Protein chains: 2
Amino acid sequence: MAKALTDRCQQILEAIIEEYIATAQPVGSKALTQNHGIRLSPASVRNVMAELEDLGYLVSPHTSAGRIPTEKGYRFYVDTLLRVSDLNTRQKDQIEMKYRRHGLQMADMLREASRTLSSFSQHTGLVMIPRLKVTVFRHIEFVKLSPRQVLVVFVTQSGMVQNKLVEVDEELSPSELEQITNYLNRTMSGMSIQEVRARIVAEMAEEKALYDHLLRRAFALSSAALGDETDGDVIIDGTSYFLEQPEFSDLRQMKNIVQAFEQKSMLVDLLDRGTDAVGVQVIIGSETQYHELSGCSLITAAYSGKRGNLGTLGVIGPNRMPYSTIIPIVDYTANLISRLLDTEND
Amino acid sequence: MAKALTDRCQQILEAIIEEYIATAQPVGSKALTQNHGIRLSPASVRNVMAELEDLGYLVSPHTSAGRIPTEKGYRFYVDTLLRVSDLNTRQKDQIEMKYRRHGLQMADMLREASRTLSSFSQHTGLVMIPRLKVTVFRHIEFVKLSPRQVLVVFVTQSGMVQNKLVEVDEELSPSELEQITNYLNRTMSGMSIQEVRARIVAEMAEEKALYDHLLRRAFALSSAALGDETDGDVIIDGTSYFLEQPEFSDLRQMKNIVQAFEQKSMLVDLLDRGTDAVGVQVIIGSETQYHELSGCSLITAAYSGKRGNLGTLGVIGPNRMPYSTIIPIVDYTANLISRLLDTEND
DNA sequence: CTTAGCACTCGCTTTGCCTGAGTGCCAAAA
DNA sequence: TTTTGGCACTCAGGCAAAGCGAGTGCTAAG
């Protein structure tokens, strides 16, 4: 078992990581003693650095260069060394200001969140749209587009609008549609989509549905509409910040990352991992388990509405991200969004 | 006035441009005589090249390099030299296949179009979402989210769903809302949004509206909902192809382009320019009038529905794009989309 | 345990040289 | 008059050698 690092080791490791985050250059022993209040000679620092390298917290890209942190180094830094401060009031106000616009719908709010995360962190902002199943049903409407096609529009409690085109076997008359609409709105309003689904399944199994033609069609229609969950969507903002990072000046890797952003599925997966966690999560480099995203780290936090967690938001950037400043931004934004979603429409 | 280029000049210019498009390398006199069926000595070719340079169709990056086309060169090539062939049946089938999925809504179709454009052209695909005002009204619905907030959901003929949150001064009762809904759906269905707007303005001015409280509120509500046009949205796919282009290996310019893509407003403007044109349009380099997009060209075409042009789609890439292969792809896609939008929901 | 000293390593930059692709021009050939 | 071969010239890119300097590890003294 690895023995605990001495205080001095930790202090030096912290200094190295912070210096590297600031400069993106390998950190040498001399630079450290000059700028970081380390009251030791370069030689002593070198001994410590050698030790830290042995333990796997640092590597040197070549003999005559300084050291750079490994993923293990970042992990240790984030877990034990980092002390995140709160945002000051001015920063909070600046962020909050962005949401002051009147009548902001949820979708706009989330877009704004992505934008804000990006511009305040100077890295790429990510916001996951709530999955259907965690939202609360409010209203459903059917619009007949052609004899066999019905557009199902439904609105969630928070004002998100989803729509789906459903093919029906047998034409529905306007009055039938209206009855179905009324029935569903009456019985299901206020339930979560998950509950609605469960209810549909339960009622379909029951006797009475068998004999009520209209009811059966109502359930068939709504279950078709609520059926297959969309894959989850992510709002990305500030991709261009990636192009500023010296570590990605290699175009091949840059292309991998941009492609990953276009596909979104990896981001969805990564954000999903943080849905049930409380507070801020940090995923570093290979912890993503996607080689396309090697060298990338994420800082994420879940946001919630009235009924528990809705989704996750965060920032993605190089491992060498200023965690201490971004973590509070992500944290504050997630809380702010949660607050806004919780108090609205009451 | 510039005198017309001789046949031989044109032939050589064409060969140079095609060679440059294929290789991204400055084209020298020798390479030309070897690969392009030019039955002349390198020396003669050089004379012609010098002439073309004087006329502004070519430049040489430095003394001992070959020539590359100027924007004027590309323009001439696109306007007069280029002969575009039709796609063969296999290609057409491949493209058409992508839209075979059942129950594709307009939004999905347009997303698919962007994707297809990108993957077939190996450049970045763009599809502009139809502006509200050119779509046909089909159905409107109001959902009360809070006493003062009404979510207006409306559906266009083609099955696009738009929604907007409207703040009202005075609470509306459910039955009032229902009456308004019925009235609007009865009177406005089948009109284009532009017509709807005109109608509202006209009726508001008329006497009878003044005395009918409900009618007035109906108009107020719907005009608020249809009021401010959203800025236009563009679906972008295949940004990562840009990173493959050797001419953009300069990260600064690359960043400009990615930022321009994120903002979208330039792309909206550029695509808007082609809305009323017939057939394929080509915009080359500085013709975009955006210095951020210098070195970029667009190939666009308008697509239409039942009621005339809806929007524009196309491909953006470096000036050095294979116009002869991409133009038919854009053309065919625009026609295909138009056909699909025209025949659906009949 | 700390630190000064020192030899050593090695990537980066600069310099100079060379090569080769490509040019322009001229005079001879067609 | 047009085409072509010849020739001197230009210049970017590649390569090697040299020097620089930041940084290291080790050792011995404080």
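Just so we're clear, the structure is a prediction, and the values are computed from it rather than from any experiment. Every chain is numbered from 1 and lettered A, B, ... according to where its sequence line falls, protein lines coming before strand lines.
For Thr63(B) and dC11(D), the shortest distance from a side-chain N or O to OP1 or OP2 is below 4.0 Å. Proximity of Ser41(A) to the phosphate of dT3(C): a side-chain N or O atom is located under 4.0 Å from OP1 or OP2. Between Arg46(A) and dT2(C), a side-chain N or O to OP1/OP2 separation shorter than 4.0 Å is absent. Side-chain N/O atoms of Ser44(B) include one lying less than 4.0 angstrom from OP1 or OP2 on dT4(D). Residue Ser29(B) places at least one side-chain N or O closer than 4.0 Å to OP1 or OP2 of dT23(C).
Taking the side chain of Glu53(B) as heavy atoms from C-beta on, and the options dT3(C), dT4(D), dG24(C), the nearest nucleotide is dG24(C). Across dT4(D), dG25(D), dT23(C), the shortest atom-to-atom separation from the side chain of Arg67(A) is found for dG25(D). Closest to the Ser64(B) side chain, of the nucleotides dA22(D), dG22(C), dT3(C), is dG22(C).
One can place CD1 of Ile68(A) at 16 Å from C1' of dA22(D), the figure rounded to the nearest angstrom. Distance NE2 (His62(A)) to C1' (dG23(D)): 9 Å, rounded to an integer number of Å. Between the C1' atom of dG24(C) and the CG atom of Leu52(B) lies a distance of 16 Å, rounded to the nearest Å. As rounded to whole Å, 12 Å separates atom C1' of dG24(C) from atom CG of Asp54(B). What separates CG of Asn47(A) from C1' of dG25(D) is a distance of 9 Å, to the nearest Å. The nearest whole Å value for the distance from the CD atom in Glu51(B) to the C1' atom in dG24(C) is 15 Å. Distance, Leu40(B) CG to dA30(C) C1': 14 Å, rounded to whole Å. Atom CG in Leu32(A) sits about 12 Å away from atom C1' in dG23(D), given to the nearest Å.
Results of the salt bridge (charged side-chain N to carboxylate O under 4.0 Å, His left out) test with Glu53(B) over Arg46(B), Lys72(B), Arg67(B) single out Arg67(B) as the only residue that passes.
Checked by atom type, the side-chain pair Glu262(B)/Thr239(A) shows a donor-acceptor distance below 3.5 Å. At a cut-off of 3.5 Å, with distance as the only test, no side-chain donor of Ser121(A) or Tyr241(A) sits close to an acceptor on the other residue.
Annotation: the span from Leu117(B) atom CG to Leu126(B) atom CG amounts to 8.0 Å, rounded to 0.5 Å.
Ala65(B) comes within 4.0 angstrom of the backbone, heavy atoms only, and of no base. Looking at heavy-atom distances under 4.0 Å, Arg39(B) makes no contact with the nucleic acid at all.
When each of Ala43(B) and Pro61(B) is assigned the nucleotide of DNA chain D bearing its nearest heavy atom, the one mapping closer to the 5' terminus is Ala43(B).
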inquiry  = Between Asp86(B) and Tyr332(B), does the side chain to side chain donor-acceptor pair (under 3.5 Å) criterion hold? Intermediate values first, please.
reply    = CA-CA 9 Å; Asp86(B) 252 16; Tyr332(B) 186 73; over 6 Å; no
